[in-house]
Amino acid sequence: MTTTVDDLSLARPSLARAKLPWWSLVAVAVGVLLVTTLLFLLTSLTGYVQFILIAVVLYLLAQTFVSLSVEGWRHAKNRLMTSLMVAAMVLAVLPLVGVLGYTVAQGLNRFDGVFFTHSMRAVAESDPNGGAYHAIIGTLEQVGLATLISVPFGVMVAVYLVEYSSGRLGRVVSFFVDVMTGLPSIVAGLFILALWILLLHQGYSGFAGSLALTILMLPTVVRSCEEMLKLVPVSLREASYALGVAKWLTVVRIVLPTALPGIITGVMLAVARVMGETAPVLLTVLGNPAINTNPFDGPQASLPLFVFNEVGQSYDNAIHRAWTGALVLLGLVLILF
């Protein structure tokens, strides 16, 4: 019995078989696109989403079949799983890219100097003029106050949990921090509305909105600072203790400076987390079409509330202002991230 070259090639292990050239997968993709297009022309199938889904499924099947025929089942499985992971990544990123692209395209309609230098005082909703200067000021002041309040408290709680907590109180504090992490934003706004505005009669103000945002920022600051403090090597603490330095001074002079980059990162993430919140400011800030630079006196505007109010109007000019406000807010959040 003689053995031919074809028999030897089929008997070779799959890892030693020939590899597909890069252009073969491109050819498979082109062929799949042609087949999908022909399928849509000959049938009643319509729509971009259906076209993409059918093309992806056909490409996965065709690629696997071609790879199985040439490279063997090992390479075919590897290519199939790689393609599935790439498809999952694209599906996860596609909504984000779509939201960003659509917001930028719509927001550029009113992205001009008037939008950043004028308020909505004495401006009709149908008027093409008017801007979000008052809302930008309100957002920066409210988030700034919330940061000034939440960061010291959050860092101190994190230091307590990492450096001093060893009993039941620490577990209770950690439990409540976990609970606050999943707290809906509207609940924080309702709490400040009931306590600060209705019970204590302090009135609507930017500071009331800052208190609601503080409740949302605290757990993020605590958790991020806690993780950064845990990453500080124990040897640094022990070296400080060996030199006779007190524990509180070790925390202040050794532990916190070492963890400072991570703490700053956590603070910026917390700021970006609350900057786009609408429900808390809707219940506590109330909104103001005029410029109010004093967050402690009277209702104040904010960018999320500005977008919420403008998008609820039936005029195209108001819708354009809402998209531009969303673009500005998105830009601020992306800068922080």
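Contact detail for Val232 and Ala259: the closest heavy-atom pair is CG2-CB, 3.9 Å. In terms of heavy atoms, Gly131 sits closest to Phe306 at O-CE1, 3.7 Å.
If you chain together hydrophobic residues whose side chains sit under 4.5 Å apart, Ile263 and Val274 fall into the same group. Leu216 and Val179 are not part of a single hydrophobic cluster, where members link through side-chain heavy atoms under 4.5 Å apart. Transitive grouping of hydrophobic side chains (ILVMFWY, heavy atoms separated by less than 4.5 Å) keeps Leu108 and Val114 in distinct clusters. Cluster annotation: Leu145 is not connected to Val221 through the hydrophobic network of ILVMFWY side chains, with a link wherever side-chain heavy atoms come within less than 4.5 Å.
Once rounded to the nearest 0.5 Å, the distance linking CD1 of Ile291 with CZ of Arg121 reads 9.0 Å. Note that the NE2 atom of His134 and the OG1 atom of Thr139 stand 9.5 Å from one another [nearest 0.5 Å]. We find the CG-CD distance between Asn294 and Gln300 to be 8.0 Å, quoted to the nearest 0.5 Å. For the atom pair Ile149 CD1 and Thr214 OG1, the distance stands at 4.0 Å (nearest 0.5 Å). Here the NE2-CH2 distance, from His75 to Trp73, works out to 11.0 Å after rounding to the nearest 0.5 Å. The line from CG of Leu260 to OG1 of Thr265 is 9.0 Å long, rounded to the nearest 0.5 Å.
Between Arg168 and Val172 there is a side-chain heavy-atom pair separated by less than 4.5 Å. Using a 4.5 Å heavy-atom cutoff, the side chains of Leu303 and Val328 are in contact. Proximity of Tyr204 to Trp196: side-chain heavy atoms (C-beta onward) are nowhere separated by under 4.5 Å. In this structure, Met228 and Thr258 have side chains that are not in contact, with every pair of non-hydrogen atoms separated by 4.5 Å or more. With a 4.5 Å cut-off on side-chain heavy atoms, Arg237 and Ile254 do not count as touching. Residues Glu310 and His320 form no side-chain contact, since every pair of their non-hydrogen atoms from C-beta on lies 4.5 Å or further apart. Counting only heavy atoms from C-beta outward, the side chains of Leu45 and Gln50 never approach each other to under 4.5 Å. Looking at Val311 and Trp323, their side chains never come closer than 4.5 Å, going by heavy atoms from C-beta outward.
Looking only at distances, a side-chain donor or acceptor of Thr324 sits under 3.5 Å from a matching main-chain atom of Gly107. Asn288 places a side-chain N or O within donor-acceptor distance of the main-chain N or O of Pro299, the cut-off being under 3.5 Å. Judged by distance alone, with hydrogens and angles left aside, the side-chain atoms of Ser174 form no donor-acceptor pair with the main-chain N or O of Gly170 at under 3.5 Å. With hydrogens and angles disregarded, no donor-acceptor distance shorter than 3.5 Å links the side chain of Asp127 to the backbone of Val123. Of the possible polar contacts, none joining the Ser240 side chain to the Leu236 backbone as a donor-acceptor pair under 3.5 Å is found. Of the possible polar contacts, one joining the Asn317 side chain to the Ser126 backbone as a donor-acceptor pair under 3.5 Å is found. A donor-acceptor contact shorter than 3.5 Å links the side chain of Arg321 to the backbone of Asn129. Ser24 places a side-chain N or O within 3.5 Å of a backbone atom of Pro21 that can act as its donor or acceptor partner. With Lys247 contributing its side chain and Glu163 its backbone, the two residues share a donor-acceptor pair below 3.5 Å. No donor-acceptor distance shorter than 3.5 angstrom exists from the side chain of Gln106 to the backbone of Tyr102, with no hydrogens or angles considered.
Between the side chains of Ser83 and Gln63, a donor-acceptor pair is found at a separation under 3.5 Å. In this structure, a donor-acceptor pair under 3.5 Å is absent between the side chains of Arg74 and Ser67. For the 3.5 Å distance criterion, the side chains of Glu277 and Ser185 qualify, holding a donor opposite an acceptor.
Each of Ile52, Leu41, Leu58, Leu53 was checked for a side chain to side chain contact (heavy atoms under 4.5 Å, CB included) with Thr36, and the lone residue meeting it is Leu58.
Under a cut-off of 6.0 angstrom, the local environment of CZ in Phe40 is crowded, with over 12 non-hydrogen atoms contributed by other residues, nucleotides or ligands. A 6.0 Å sphere centred on OH of Tyr133 holds no more than 12 heavy atoms belonging to other residues, nucleotides or ligands. Under a cut-off of 6.0 angstrom, the local environment of OH in Tyr241 is crowded, with over 12 non-hydrogen atoms contributed by other residues, nucleotides or ligands. Within a 6.0 Å radius of CZ in Phe308, no more than 12 heavy atoms belonging to other residues, nucleotides or ligands are found. Heavy atoms of other residues, nucleotides or ligands lying less than 6.0 angstrom from OH of Tyr315 number 12 at most. Residue-environment remark: CZ (Phe153) stays at or below the threshold of 12 foreign heavy atoms within 6.0 Å. The number of heavy atoms from other shown groups lying within 6.0 Å of CZ (Phe176) does not exceed 12.
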task = Go through the steps to decide whether Arg223 and Glu227 satisfy the test salt bridge (Lys or Arg N to Asp or Glu O under 4.0 Å), and finish with yes or no.
result = CA-CA 6 Å; Arg223 280 296 173 228; Glu227 294 302 322; 5.8 Å; no
query = So Ile192 and Leu283, side chain to side chain contact (heavy atoms under 4.5 Å, CB included) or not? Walk me through it.
reply = CA-CA 8 Å; Ile192 298 300; Leu283 296 172; over 6 Å; no
request  = List the steps, then state whether side chain to side chain contact (heavy atoms under 4.5 Å, CB included) holds for Leu213 with Met275.
outcome  = CA-CA 8 Å; Leu213 298 180; Met275 185 168 286; over 6 Å; no
query = Step by step, would you call Tyr160 with Leu169 a side chain to side chain contact (heavy atoms under 4.5 Å, CB included)?
reply = CA-CA 10 Å; Tyr160 170 76; Leu169 180 60; 3.2 Å; yes
key: Trace of the side chain to side chain contact (heavy atoms under 4.5 Å, CB included) decision for Thr284 with Leu211   = CA-CA 9 Å; Thr284 56; Leu211 294 177; over 6 Å; no
